[in-house]
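Note that the structure is a prediction, hence the values are computed from the model and not measured. Numbers here simply count residues along the sequence, with the first being 1.
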Amino acid sequence: MANAAAPTAAVPTLAPPLEQIRHLAEELRLLIPGVRVGEALETTKEFNPDTFWRRLNEAAVNVSREATTLTEVFSHLPLPSPQETQRFCEQVRAAIKAMIAVYYSLPKNQGITLRKLVRSTTLDIVDGMAQLMDALFMTPTQSSENNDLISYNSVWTACQQVPQIPRDNKAAALSMLTKNVDFVKDAHEEMEQAVEECDPYCGLLNDTEDNSDNHGDEEDDGLGYPNNRDLYWSEEDQELIIPCLALVRASKACLKKIRISVAENGKKDQVAQLDDIVDISDEISPSVDDLALSIYPPMCHLTVRINSAKLVSVLKKALEITKASHVTPQPEDSWIPLLINAVDHCMNRIKELTQNELELIQ
């Protein structure tokens with residue numbers, strides 16, 4: 001019996017160029033959750049920092065080049081053919097996966113803080129490329145007038161950050177501590193500005209202070225004075241703000257001293273202790289923000305007390321971890337007890353000023 005002719009394999013039909021671009025954007029976004037939680041690859045090879053940073057820089061340059069190419073070919077008519085688009089997409093896909101693979105090759109023993117910085121930049125690059133895909137899909141051939149150049153710039157900017165990443169865990173720790181100092185400094189300045197500007201009636205009320213006892217609420221309203229205490233601070237509020245500001249100043253001082261200790265005494269091979277210092281220090285700025293938000297009118301004194309206590313707890317823990325680490329070689333002669341005393345003084349004053357409110361709910 002004659003053999004039947006073998007059926008001809010069907011040639012898959014390629015999607016139109018813009019559909020391929022849209023699918024690639026979706027595919028890139030699916031990579032992001034894995035990068036966020038992905039662990040370093042296990043390997044028996046000894047880690048070579050020079051090789052790692054060279055590969056990471058090369059990967060970033062390659063991604064930037066592919067972003068440029070893609071933007072150029074989709075910025076004018078005619079659009080690439082489906083076959084050409086497939087090739088461009090494969091090159092983008094390969095460049096992004098190569099970038100991720102280099103990140104995964106950075107072992108944990110090089111420091112969690114350093115890995116976080118490399119991961120953050122990697123995520124920015126992947127997300128920026130996905131945004132570029134979205135822009136090319138939505139507004140092809142109009143790059144000079146629409147968002148794809150902006151998205152391309154986002155990818156390019158993220159790739160340009162790679163050479164700026166700290167090269168070891170100590171440098172990474174100093175980078176994070178510097179950012180935290182700046183965050184707390186900004187919060188303190190905003191609090192001081194709020195104290196100066198948040199009560200627009202303060203001058204009017206002070207000018208009429210001598211006569212204030214002779215006016216009732218209705219008369220005050222008739223003269224244009226506010227009786228809505230949601231808009232300004234009472235005298236008790238203003239008194240409570242003083243130790244709150246002092247506590248935030250102490251927070252800034254703590255972070256500055258911790259940063260100086262890491263800079264002067266930190267050792268690159270003590271990655272775990274540096275990571276612990278950064279981890280607890282990262283909690284200071286959010287705690288300062290919580291306290292700062294709670295002082296705005298209408299002020300709840302109990303909320304201020306609770307947020308102050310949370311901040312004090314974080315500060316003391318940060319100071320104790322720093323004191324127990326190698327960055328404080330002589331803890332008995334340290335600046336740390338002085339800062340702990342300053343923090344305790346602020347908290348004790350806050351407790352005194354909020355004690356009556358606490359007793360009312362007990």
Side-chain angles (χ1 to χ4, degrees), residues 36-37 39-40 106 108-120 165-166 168-188 191 243-294 304-348 350:
R36 285 200 180 104
V37 301
E39 299 288 343
L106 180 62
K108 284 184 177 180
N109 63 16
Q110 295 301 303
I112 300 300
T113 304
L114 181 60
R115 276 183 55 82
K116 285 180 179 179
L117 292 181
V118 177
R119 179 180 65 200
S120 176
I165 299 174
D168 58 67
N169 207 51
K170 177 182 175 180
L174 286 172
S175 173
M176 294 302 297
L177 290 169
T178 299
K179 287 182 180 180
N180 286 329
V181 169
D182 291 340
F183 289 153
V184 173
K185 178 182 177 183
D186 290 344
H188 180 250
M191 289 175 71
C244 291
L245 281 170
L247 183 57
V248 174
R249 281 195 297 272
S251 302
K252 183 172 63 173
C254 287
L255 280 170
K256 283 185 174 181
K257 294 295 288 186
I258 291 172
R259 181 185 61 183
I260 291 172
S261 294
V262 171
E264 294 180 349
N265 304 312
K267 297 178 181 178
K268 295 179 181 180
D269 60 345
Q270 296 288 337
V271 293
Q273 289 188 7
L274 293 174
D275 286 336
D276 289 342
I277 291 171
V278 171
D279 283 345
I280 186 61
S281 298
D282 282 346
E283 298 181 24
I284 294 177
S285 178
S287 299
V288 167
D289 289 341
D290 289 342
L291 176 58
L293 289 174
S294 64
V304 172
R305 180 176 177 140
I306 291 171
N307 288 338
S308 298
K310 290 179 180 178
L311 175 56
V312 167
S313 176
V314 171
L315 290 173
K316 286 187 173 182
K317 187 174 180 181
L319 292 172
E320 290 298 333
I321 288 175
T322 303
K323 181 179 179 180
S325 75
H326 72 283
V327 304
T328 311
Q330 294 179 319
E332 66 277 1
D333 299 327
S334 174
W335 44 268
I336 291 177
L338 296 177
L339 279 174
I340 290 178
N341 288 338
V343 168
D344 283 338
H345 176 77
C346 295
M347 190 64 226
N348 289 336
I350 291 170

Heavy-atom pair with the smallest gap, counting every atom of L117 and A172: CD1-CB, 3.6 Å
Closest non-hydrogen atom pair between K108 and A40, with its separation: N-CB, 4.1 Å
Donor-acceptor contact below 3.5 Å, side chain [X] vs main chain [Y]:
X	Y	answer
S325	T322	yes
S120	K116	no
R259	L174	no
S251	L247	yes
S313	A309	no
N307	D290	yes

Taking side-chain contact (heavy atoms from CB on, under 4.5 Å) as the definition, give me every residue that meets it alongside [X], ordered by chain and number, with sequence neighbours left out.
X	result
A246	R249, C346
A187	V288, D289
K252	V184, K185, H188, K256
A171	P166, D168

Any side-chain heavy atom of [X] sitting closer than 4.5 Å to one from [Y]?
X	Y	value
V314	K310	no
L274	T113	no
V271	Q110	no

Residues 261-270 side chain polar contacts: donor-acceptor under 3.5 Å, at least two apart:
from, atom 1, to, atom 2, distance (Å)
S261, OG, K257, O, 3.0
N265, ND2, V327, O, 2.9

Atom NE2 of H326: over 12 foreign heavy atoms under 6.0 Å: yes
Kindly list each side-chain donor-acceptor pair under 3.5 angstrom involving residues 276-287, sequence neighbours excluded, with atom names and distances?
from, atom 1, to, atom 2, distance (Å)
S281, OG, I277, O, 2.7
D282, OD1, N180, ND2, 2.9
S287, OG, E283, O, 2.9

